[in-house]
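Presented below is the structure to which this report refers.
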Amino acid sequence: MAKMYYEKDCDINVLKGKKIAIIGYGSQGHAHALNLKDSGMDVCVGLRPGSKNIANAEQAGLTVKTIEDAAKWADIVMILINDEVAAEVYKKSIAPYLVAGNAIAFAHGFNIRYKQVVAPADVDVFMAAPKGPGHTVRSQYVAGKGVPCLVAVEQDASGKCKDIALAYIAGIGGARAGIMETTMHDETETDLFGEQTVLCGGLVDLMQCGFEVLVEAGYAPENAYFECIHEVKLIVDLINKGGIAAMNYSISDTAEFGEYTSGPRVLPHDILKANMRAVLKDIQDGTFAGRWIAENKNGRCFFNSKRDALAKHQMEIVGKQLREQMLWKNDQNLDNASN
Ligand code: NDP
Ligand code: MG
């Protein structure tokens with residue numbers, strides 16, 4: 001079992017007198033900055049010139065600086081900007097201002113794992129990664145609760161990096177829910193694998209194929225959308241609450257029988273797992289990361305063409321029409337999107 005930490009294991013006083021810069025004020029950035037401030041920490045937000053979030057952060061009572069000034073001012077720099085631009089911003093606007101004894105931190109290991117960011121040897125490097133979207137990190141904190149977090153110490157220059165990381169996570173409320181110890185290496189690889197094979201890659205392709213098979217067989221696209229796309233959430237909510245057994249308890253025995261007979265037929269486990277292992281290998285040996293970094297350098301041609309094609313797919317058009325006509329459109333909580 002991975003090691004777990006709770007409030008009793010975190011000493012928030014470790015951060016007393018330390019200045020914390022939160023770089024970025026998006027989903028995670030606003031939550032970290034506001035939670036740390038409410039926990040009594042000395043926080044500022046670092047944003048690029050012209051950012052629409054300067055006003056948002058200031059209205060929330062936070063001090064805003066340029067990224068360079070924030071990095072210069074801080075002892076701990078938490079980098080919460082898009083992973084694909086973080087390395088460039090780090091090199092240009094953060095690295096020149098790091099001094100011995102500082103710490104840099106991330107909420108995801110990508111740039112450290114694939115060596116896009118290499119910190120000086122006299123600087124601590126840690127990860128404080130909430131396992132939930134930033135808006136939930138904030139709303140749970142305000143409700144006196146927290147979102148479970150992962151902690152990882154990548155480089156312990158000070159000899160106190162673990163204590164600093166745990167105190168930081170306590171400051172954002174994560175210790176109220178539980179902190180699981182991992183490495184940035186494992187977090188990055190399991191995160192990429194999960195989103196590529198099951199959560200995003202796997203699921204979207206599964207829904208698309210199901211939709212297409214029904215429509216190509218002459219069924220109404222609206223029916224196909226309901227059965228193969230809309231209902232996914234209902235099933236996943238049941239699994240999330242009580243495991244697969246609870247989901248099977250709620251569905252009919254006919255559905256459960258079909259699950260056992262047809263599941264392995266559409267997704268033969270030997271083929272599926274061989275393909276998943278190939279994806280995992282690309283993640284482990286850096287092939288995927290290299291491809292994604294190159295895609296960003298080359299103007300995202302492939303990425304944008306796929307996004308455009310998906311927007312034109314019948315399942316998206318029918319889905320939009322149906323959601324607009326249905327009362328449940330208001331229940332859809334976009335904050336709960338996977339990450
Ligand atoms: P968002 O997209 O919500 O926010 C991005 C922020 O980065 C914005 O404030 C934006 O600035 C800033 N930014 C973007 N490009 C640049 C640039 N070129 N120069 C300077 N600033 C820039 O990001 P997330 O909060 O989703 O992700 C932040 C980190 O948290 C990532 O490492 C991600 O993997 C991780 N994470 C995210 C989770 C989530 O739920 N979203 C969950 C767990 C981890 P501006 O305000 O000017 O637009
Ligand atoms: Mg993730």
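We count ligands from 1, going down the list as the structure has it; atoms in each ligand are counted the same way. Bear in mind the structure is a predicted one, so any value in this text is a computation, not a measurement. These numbers come from the heavy atoms of this one structure, side chains and all, not from hydrogens, waters or symmetry mates.
- Looking at Y25 and K52, their side chains never bring a donor and an acceptor atom within 3.5 Å of each other.
- In this structure, a donor-acceptor pair under 3.5 Å is absent between the side chains of E154 and H185.
- Proximity of A129 to ligand 1, defined as any heavy-atom pair under 4.0 Å, is not found for any part of the residue.
- Of the candidates V198, L192, T197, L192 is the only one forming a side-chain contact (heavy atoms from CB on, under 4.5 Å) with E195.
- Comparing G46, S27, A31, G24 by heavy-atom distance to atom 3 (O) of ligand 1, the nearest is S27.
- Residue contacts with ligand 1, taken as heavy atom pairs separated by less than 4.0 Å, involve Q28 via backbone and side-chain atoms alike.
- Shown here are the ring-ring contact (aromatic ring centres under 6.0 Å, His included) partners of Y114, two or more places apart in sequence or in another chain: F110.
- Residues forming a side chain to side chain donor-acceptor pair (under 3.5 Å) with S158 (at least two apart in sequence, or on another chain): D124.
- At a 4.0 Å heavy-atom cut-off, ligand 1 does not touch I79 at all.
- Looking at F106 and V117, their side chains come closer than 4.5 Å, going by heavy atoms from C-beta outward.
- The side-chain heavy atoms of I22 and I79, taken from C-beta on, include no pair separated by under 4.5 Å.
- Listed by number with element, the atoms of ligand 1 under 4.0 angstrom from any heavy atom of A107 are 30 (O), 35 (C), 44 (C).
- Residue contacts with ligand 1: Y25 is included, with a non-hydrogen atom under 4.0 Å away.
- The contact set between ligand 1 and G132, taken as ligand atoms under 4.0 Å from a residue heavy atom, comprises 40 (O), 42 (C).
- The main-chain N or O of F302 is found under 3.5 Å from a side-chain atom of S305 such that the two form a donor-acceptor pair.
- Among H32, R48, H30, the residue whose heavy atom sits closest to atom 10 (C) of ligand 1 is R48.
- Using a 4.0 Å cutoff on heavy atoms, E88 does not count as a contact of ligand 1.
- Not a single heavy atom of I54 sits under 4.0 Å from any atom of ligand 1.
- If you check the side chains of Q321 and Q325, you find no donor sitting under 3.5 Å from an acceptor.
- Near K52, meaning under 4.0 Å from any of its heavy atoms, are these atoms of ligand 1: 48 (O).
- Each of the atoms 43 (C) of ligand 1 lies under 4.0 Å from some heavy atom of P130.
- For ligand 1, the atoms closer than 4.0 angstrom to any heavy atom of P133 are 40 (O).
- With a 4.0 Å heavy-atom cut-off, ligand 1 is reached by no atom of K131.
- Heavy atoms of G50 come nearer than 4.0 angstrom to ligand 1 in no pair at all.
- Between D83 and ligand 1, an N or O atom pair is found at a separation short of 3.5 Å.
- Judged by distance alone, the side chains of E68 and S93 do bring a donor and an acceptor atom under 3.5 Å apart.
- Interface of S51 with ligand 1, defined as ligand atoms under 4.0 Å from a residue heavy atom, comprises 45 (P), 46 (O), 47 (O).
- In summary, the atoms of ligand 1 found under 4.0 Å from a heavy atom of I67, numbered by their order in the structure, are 20 (C).
- In the model, N35 has no side-chain atom that pairs as donor or acceptor with a side-chain atom of D38 under 3.5 Å.
- Residue N53 has at least one heavy-atom neighbour below 4.0 Å for each of these atoms of ligand 1: 9 (O), 45 (P), 46 (O).
- A salt bridge does not link D237 with K241: none of the charged nitrogens is closer than 4.0 Å to a carboxylate oxygen.
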